[in-house]
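Below: one structure, written as structure tokens.
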Amino acid sequence: MPSQHKPRPVMMMILCLETITCTLLFLSTFVTTYPADLDKGRRRVVHVMGKVVTHRGGTITLPCRFHHEPEDVDPNRIRIKWTKVSDAFQFEDVFVALGRQQKAFGSYRGRVSLEQAGPGDASVIIHNITLEDYGRYECEVTNDMEDDTGFVNLDLEGVVFPYYPPSGRYKLNYHQAEEVCRQQDAILASHAQLHKAWLEGLDWCNAGWLEDGSVQYPISHPRDQCGRKDSPPGVRNYGYRHKDDERYDAFCFTSNLNGRVYFLKRFKKVNYLEAVKACQRDDAMIAKVGQLYAAWKIQLLDRCEAGWVEDGSIRYPIVNPRARCGGAEPGVRNLGFPDKKFRLYGVYCFRRNTDVLSTQAPKETTSKPANSTKSI
């Protein structure tokens, strides 16, 4: 006599590509029914690709929706988990919710909450976006019998810039490259960010580390000293290199500023120490390299005057190229690292906004029913 099986609940996940008007993505409607003894351990995964774009300091919704058939599933038994996935397939816990219990992890504490826009909404809101939030996120929705996932990419508006330290070119291992980018208000760029910068015209004939541990460089105008003149334009890739032993430059990425970079008008030029003090007296600080690049790219800072920046280099930003301003292309001009004591220049300062209140996420909810020991 054939065995009788109860119909299994079916859970489908939808990732919306827009935070206001959600686009329904196609999901497979084929549901395969297995005998009960094969149900154990089975996992159906739906991979759905989407992207949302914001900037540092902003607030963004990572969209994720799910649907149950039949719909009489207890919402308090649905577990929602968000995880950040790196290119090296390392996983970082972001947020988990089970019924009314919610918990955020690590640097996401106090910044992440459920959107709760209605039944089937597993979207989360992230406040006060940081550079480190950039990347790929996994939304996992689980009930007693089903476990489905989808993915969404969080992209940031910003700028990629090449960087080498005062000690010279090709002096940085991977870990040192991470640190110098951080010191200049940036992070190591991703391949996608470098490729986008190349599409926008970045041409740089020195190889640098990227955040995944690879070494690459963008060439818009092929020439013999940059991988042969007859080779096509593109992003040259040395592949993954030894993070401790090999040394290159760095490609850094930075985003929106909560403040303003400006050239400090003075009657006379100053050395490095005098430049630092001059910014302090103006209720500001000497600008970092990443801040100057962000001001050039996002705030369209255009100044044909060389000035000190925080790492001891002399730079100036050009949006509209013109005669006697260092070339025919827009960009941040770099005059190198002169003697800090005896060479005299102007200075670029950075003043933080004081009239903008940062948006805070709702406090983390960790309430549990009395005598409950269930883990989420």
Side-chain angles (χ1 to χ4, degrees), residues 15 17 47-58 60 62 82-92 94 106-108 126 129-139 150-164 172-220 233-243 246-257 288-291 293-294 296-298 332:
L15 280 178
L17 292 182
H47 295 281
V48 184
M49 300 303 297
K51 183 173 76 170
V52 294
V53 182
T54 185
H55 54 78
R56 177 167 53 177
I60 194 70
L62 299 185
W82 281 89
T83 307
K84 188 177 182 185
V85 187
S86 73
D87 288 343
F89 292 101
Q90 296 178 333
F91 299 86
E92 178 185 1
V94 174
S107 64
Y108 296 94
I126 305 180
I129 294 293
T130 69
L131 294 175
E132 290 75 16
D133 292 340
Y134 168 88
R136 191 181 194 215
Y137 290 80
E138 177 188 78
C139 173
F151 294 91
V152 61
N153 291 313
L154 172 57
D155 197 4
L156 296 179
E157 298 170 344
V159 57
V160 172
F161 61 94
Y163 187 82
Y164 62 92
L172 304 170
N173 65 24
Y174 175 83
H175 310 289
Q176 292 167 335
E178 275 191 313
E179 181 59 26
V180 297
C181 287
R182 189 176 299 112
Q183 290 173 355
Q184 297 308 317
D185 193 42
I187 58 174
L188 277 176
S190 69
H191 169 74
Q193 290 167 337
L194 183 63
H195 185 264
K196 181 181 178 182
W198 168 73
L199 291 175
E200 294 173 350
L202 180 61
D203 184 283
W204 195 253
C205 193
N206 291 89
W209 290 103
L210 297 182
E211 58 89 20
D212 63 355
S214 66
V215 172
Q216 305 183 33
Y217 64 100
I219 293 297
S220 297
V235 178
R236 310 280 192 258
N237 192 342
Y238 287 3
Y240 298 101
R241 315 306 298 181
H242 196 289
K243 291 184 176 182
E246 298 192 49
R247 282 167 167 74
Y248 299 92
D249 293 345
F251 285 102
C252 306
F253 173 83
T254 193
S255 185
N256 190 53
L257 294 168
K288 297 177 181 293
V289 176
Q291 292 167 341
Y293 268 94
W296 163 73
K297 181 72 172 183
I298 300 169
V332 176

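None of these values were measured; they are calculated from a predicted model.
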Using modelled atom types and a 3.5 Å cut-off, is there a donor and acceptor pairing between side-chain atoms of T54 and backbone atoms of G58?
no
Under 3.5 Å donor-acceptor, K288 side chain and Q183 backbone
yes
Any idea which heavy atoms bring C252 and Y163 closest together, and the distance?
SG-CB, 4.0 Å
Looking at side-chain heavy atoms only, is the closest gap between R247 and L172 below 4.5 Å?
no
So, the side chain of W296 versus the backbone of Q291: is there a donor-acceptor pair under 3.5 Å, distance only?
no
Indicate whether any N or O donor in one side chain lies under 3.5 Å from an N or O acceptor in the other, for Y174 and Q176.
no
Heavy-atom closest pair (A207 atom, Y238 atom, distance to 0.1 Å) is CB-CE2, 3.6 Å
Carboxylate-amine/guanidinium proximity below 4.0 Å for R56 and D185:
yes
Looking at H175 and K243, what are the two nearest heavy atoms and their distance?
CD2-O, 3.7 Å
Taking all non-hydrogen atoms of both residues into account, name the closest pair between G290 and T254 and its distance.
O-CG2, 3.3 Å
Do the two ring centres, one from Y217 and one from W204, sit under 6.0 Å apart?
no
Contact check, side chains of L188 and F251, non-hydrogen atoms, under 4.5 Å:
no
Nearest 0.5 Å, please: how far is CD1 in I60 from CG in D133?
11.0 Å
Taking the side chain as every heavy atom from C-beta outward, state whether I126 and L62 have any pair of such atoms under 4.5 Å apart.
yes
Stepwise, does the side chain to side chain contact (heavy atoms under 4.5 Å, CB included) test hold for Y164 with N206?
CA-CA 10 Å; Y164 62 92; N206 291 89; over 6 Å; no
Tell me whether E138 contacts the main-chain N or O of F151 through its side chain, where contact means a donor paired with an acceptor under 3.5 Å.
no
Tell me whether E246 contacts the main-chain N or O of H242 through its side chain, where contact means a donor paired with an acceptor under 3.5 Å.
yes
Interatomic spacing from OG in S86 to CZ in R136 - rounded to 0.5 Å
10.5 Å
Distance-only, no hydrogens or angles: does the T83 side chain make a donor-acceptor pair with backbone N or O of E92 under 3.5 Å?
no
Side chain to side chain contact (heavy atoms under 4.5 Å, CB included) between R241 and Y248: does it pass, once the steps are laid out?
CA-CA 10 Å; R241 315 306 298 181; Y248 299 92; 3.6 Å; yes
Taking K297 for the side chain and N256 for the main chain, is one N or O donor matched with an acceptor at less than 3.5 Å?
no
Can you check whether I219's main-chain N or O pairs, donor with acceptor, with W198's side chain at less than 3.5 Å?
yes
For the pair Q216 and R236, evaluate side chain to side chain contact (heavy atoms under 4.5 Å, CB included) and give the outcome as yes or no after the intermediate values.
CA-CA 5 Å; Q216 305 183 33; R236 310 280 192 258; over 6 Å; no
Side-chain heavy-atom pair V85, Y137 within 4.5 angstrom cut-off:
no
Rounded distance [0.5 Å steps], OG in S214 versus CH2 in W209
8.5 Å
Check the orientation of F161 and Y293. Use parallel for under 30°, tilted for 30 to 60°, and perpendicular for over 60°.
parallel
What I'd like to find out is whether the side chain of L202 reaches to under 4.5 Å of the side chain of L194, using heavy atoms alone.
yes
Between CG of L210 and OH of Y240, what distance do you get to the nearest 0.5 Å?
9.5 Å
Spell out, as yes or no, whether a donor-acceptor pair under 3.5 Å connects the side chain of Y134 to the backbone of T130.
no
Using every non-hydrogen atom in the two residues, find where I298 and S255 come nearest and quote the distance to one decimal.
CD1-C, 3.7 Å
Go through E132 and I187 one step at a time and tell me if the side chain to side chain contact (heavy atoms under 4.5 Å, CB included) criterion holds.
CA-CA 7 Å; E132 290 75 16; I187 58 174; 3.5 Å; yes
At what distance, to the nearest 0.5 angstrom, does CD of E178 lie from CD of E211?
9.0 Å
